[in-house]
Amino acid sequence: MTGPQIKARYGCSYQTIWRWMNNPEMGFPQPLKINNRNRFDLDEIEAFERRQKTAAVAA
């Protein structure tokens, strides 16, 4: 997934995505660099979403 796709998926800004990527406690997947552009693995994004949902239910 591209940065714009991530932005649209979560309805957030690029700054928010950057903060998530740089916050180890958040556990947001790190992007792969392909042709000097960030790409996110869909499986890792979906695993992140499952972890967030599980944490929300447990809270």
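Residue numbers count from 1 along this sequence. Bear in mind that the values here come from a model prediction, so they are computed numbers and not experimental data. Just so it is clear, the values below take in all heavy atoms, side chains as well, and ignore hydrogens, waters and symmetry mates.
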**Study point:** Residues which pass salt bridge (charged side-chain N to carboxylate O under 4.0 Å, His left out) with Arg9, listed by chain and number, not counting sequence neighbours
**Key:**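 Per chain and number, Arg9 pairs via salt bridge (charged side-chain N to carboxylate O under 4.0 Å, His left out) with Glu49.
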
Point to revise | Pairing residues for Tyr14 by the ring-ring contact (aromatic ring centres under 6.0 Å, His included) criterion, not counting sequence neighbours | key: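 So Tyr14 forms no ring-ring contact (aromatic ring centres under 6.0 Å, His included) with any residue.
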
Point to revise | Smallest separation among heavy atoms of Gly27 and Phe48, with atom names | key: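 Scanning both residues, the minimum pair turns out to be O-CD1, 3.6 Å.
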
Review point. Restricting to pairs with a member in residues 17-31, which pass side chain to side chain donor-acceptor pair (under 3.5 Å), not counting sequence neighbours?
Key: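 Those involving residues 17-31 are Thr16-Arg19.
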
Check your understanding: Can you tell me how far NZ of Lys7 sits from SG of Cys12, rounded to the nearest 0.5 angstrom?
Key ->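 One gets 8.5 Å once the value is rounded to the nearest 0.5 Å.
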
Review point. Does Ala47 have any side-chain contact (heavy atoms from CB on, under 4.5 Å) partners at least two apart in sequence or in another chain, and if so, which?
Key: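 Expected list: Arg50, Arg51.
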
Residues 36-43, side-chain donor-acceptor partners within the protein, below 3.5 Å, at least two apart:
from  : atom 1 : to    : atom 2 : distance (Å)
Asn38 : OD1    : Lys33 : NZ     : 3.4
Asp41 : OD1    : Asp43 : N      : 2.9
Asp41 : OD1    : Glu44 : N      : 3.1

Check your understanding: Given the rule that I, L, V, M, F, W and Y join up when any side-chain heavy atoms are under 4.5 Å apart, are Met1 and Leu32 in one cluster?
Key ->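 Met1 does not cluster with Leu32.
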
